[in-house]
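What follows is a set of notes on a single structure, which appears directly below.
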Amino acid sequence: MTKDSPAKSGRADILIKWIMFTAAITGMALFSSFYPLQGNIPMIVIPSILVLLFAKPVFFEKLKLTTLLTMRIIIIFAALKLFNPQVYVDVIMLMLIVNILEATFTDLLRYKKYFNALSGFAVAIGVIALHGAWQFDAPFGDYYLAKGVIPMVTIFYVIAYTIWNWIFVTNEFSDSVALMHVGFLFAPILGSICTLGLGVYGGIGMWLLLRANSLAIGGWMQIGAKDWFEREFKSERFSTFVNWTKKKNVQIIAMLINIGLILAALAITFANGGIHFEFAPFFL
């Protein structure tokens, strides 16, 4: 055994654990997305309630998980058609803006991260380029899609959101938890790729629903087993990368990329008919 073997083994060990974690939340998010009753209730709703009752989350974690849990409970009633599910989707799009602004003002007021805050405002505005629609005629499951006028709009938005949110979590959490959030951010993208075979009923339009589910699943895991993740996901190499992303020049470049992507998404949207929205009736 060479002198540096333990370090290499440690890095491999962290990578394997991260892959298993990411694969697990991706699979759970997919099942919960298509089946709000059979998957969502046991994998998100019940564990989240237990964690909120018996764990000790910090304020932002508690607020975020409570918001996600509330929407995961309401989607059950939407799936049961107790009201028009499209109303739920319209509310989800609004909640996305609220959640982004919530994090953006945290960056702005608490951490003084002005460049990422500008990215956050751009990403919040960019939500108008997405249109959410409940899939009433889907071949199976009860779920919704959120996408732009063409797939490229959605892809641009997803990239901008991912860069912005990544920088936000490095400010809000430790490097170990930030590594978890790489899995949170990668899971909905991976899940969207896995659903490409569904054609118009899958693909990148699944991203928003998968993002909400993977974040909720990862949220109760993070809060419930924070000490374990802090210990098992600790990596000096990853911490070095995080510190690099916090450099002023890097954050300026990230901001410019994000704003450019959002402007491109909006330009494509307006060039293809613009933004159309009308309130759905509460009952079918």
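Source: prediction; values computed, not measured.
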Original post:
Going by the ring pair (Phe, Tyr, Trp, His ring centres under 6.0 Å) test, which pairs reach into residues 171-196, not counting sequence neighbours?
Top reply: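 Qualifying pairs: F21-F184, F173-H181, H181-F184.
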Original post:
Restricting to pairs with a member in residues 65-105, which pass ring pair (Phe, Tyr, Trp, His ring centres under 6.0 Å), not counting sequence neighbours?
Top reply: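 Non-adjacent pairs meeting ring pair (Phe, Tyr, Trp, His ring centres under 6.0 Å): F83-F282, F105-F121.
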Rounded to the nearest 0.5 Å, what's the gap from [atom1] on [X] to [atom2] on [Y]? Could you check?
| X | Y | atom1 | atom2 | value |
| --- | --- | --- | --- | --- |
| T170 | Y111 | OG1 | OH | 10.0 Å |
| I41 | I75 | CD1 | CD1 | 11.0 Å |
| I76 | L80 | CD1 | CG | 7.5 Å |
| I92 | L208 | CD1 | CG | 7.0 Å |
| I73 | L68 | CD1 | CG | 11.5 Å |
| N116 | N171 | CG | CG | 6.5 Å |

**OP:** Sequence neighbours left out, what pairs pass side chain to side chain donor-acceptor pair (under 3.5 Å) with at least one residue falling in residues 122-137?
**Re:**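 Pairs touching residues 122-137 that pass the test: D137-Y201.
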Provide the closest heavy-atom pair for [X] versus [Y] in the form atom of the first, atom of the second, distance.
| X | Y | answer |
| --- | --- | --- |
| T22 | G183 | OG1-CA, 3.4 Å |
| G191 | L210 | C-CD1, 3.5 Å |
| V87 | A280 | CG2-O, 3.8 Å |
| A133 | V89 | N-CG1, 3.6 Å |
| I14 | S235 | CD1-CB, 3.9 Å |
| T104 | G120 | OG1-CA, 3.2 Å |

Subject >> salt bridge (charged side-chain N to carboxylate O under 4.0 Å, His left out) contacts in which one or both residues fall within residues 270-284, not counting sequence neighbours >> reply: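 Non-adjacent pairs meeting salt bridge (charged side-chain N to carboxylate O under 4.0 Å, His left out): zero.
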Original post:
What residue pairs, at least two apart or across chains, pass salt bridge (charged side-chain N to carboxylate O under 4.0 Å, His left out) with a residue in residues 100-118?
Top reply: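 Found K64-E102, R110-E172.
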Does any N or O in the side chain of [X] come within less than 3.5 Å of the main-chain N or O of [Y], such that one atom is a donor and the other an acceptor?
| X | Y | result |
| --- | --- | --- |
| T154 | G148 | yes |
| N40 | R72 | yes |
| N99 | M95 | yes |

Do [X] and [Y] have side chains that get closer than 4.5 Å, going by heavy atoms?
| X | Y | value |
| --- | --- | --- |
| D142 | Y35 | no |
| R211 | I189 | no |
| M43 | N213 | no |
| I275 | F270 | yes |
| F238 | V182 | yes |

Original post:
Heavy-atom count around K17 NZ within 6.0 Å, excluding the residue itself: above 12?
Top reply: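 Enclosed.
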Joint hydrophobic cluster, [X] plus [Y], side-chain heavy atoms closer than 4.5 Å:
| X | Y | result |
| --- | --- | --- |
| F115 | W166 | no |
| W228 | V177 | yes |
| V91 | L209 | yes |
| W220 | I74 | yes |
| F241 | L179 | yes |

Give me the other members of the hydrophobic cluster that [X] sits in, counting Ile, Leu, Val, Met, Phe, Trp and Tyr linked by side-chain heavy atoms under 4.5 Å, directly or via other members.
| X | value |
| --- | --- |
| V98 | none |
| M20 | I16 |
| F279 | F277 |

**OP:** State which residues pass salt bridge (Lys or Arg N to Asp or Glu O under 4.0 Å) with K147; sequence neighbours excluded, sorted by chain then number.
**Re:**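 For K147 there are no salt bridge (Lys or Arg N to Asp or Glu O under 4.0 Å) partners, ignoring immediate neighbours.
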Original post:
Taking it one step at a time, do L52 and K62 satisfy side-chain contact (heavy atoms from CB on, under 4.5 Å)?
Top reply: CA-CA 7 Å; L52 287 171; K62 186 174 183 179; 4.0 Å; yes
Subject >> Pair R231 + D227, salt bridge at N-O below 4.0 Å >> reply: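 Salt bridge between R231 and D227, a charged N being under 4.0 Å from a carboxylate O: no.
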Distance-only donor-acceptor pairs under 3.5 Å for side chains of residues 192-200, two or more places apart:
residue: S192; atom: OG; partner: P188; partner atom: O; Å: 2.8
residue: S192; atom: OG; partner: W207; partner atom: N; Å: 3.4
residue: T195; atom: OG1; partner: S192; partner atom: O; Å: 2.9
residue: T195; atom: OG1; partner: G203; partner atom: N; Å: 2.9

Side-chain donor-acceptor contacts of residues 247-268 below 3.5 Å, not counting sequence neighbours, with atom names and distances?
residue: Q251; atom: NE2; partner: T245; partner atom: O; Å: 3.2
residue: N258; atom: ND2; partner: S119; partner atom: OG; Å: 3.4

Subject >> Residues in ring-ring contact (aromatic ring centres under 6.0 Å, His included) contact with F34, at least two apart in sequence or another chain >> reply: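 Counting only residues at least two positions away or on another chain, F34 forms a ring-ring contact (aromatic ring centres under 6.0 Å, His included) with F140, Y143.
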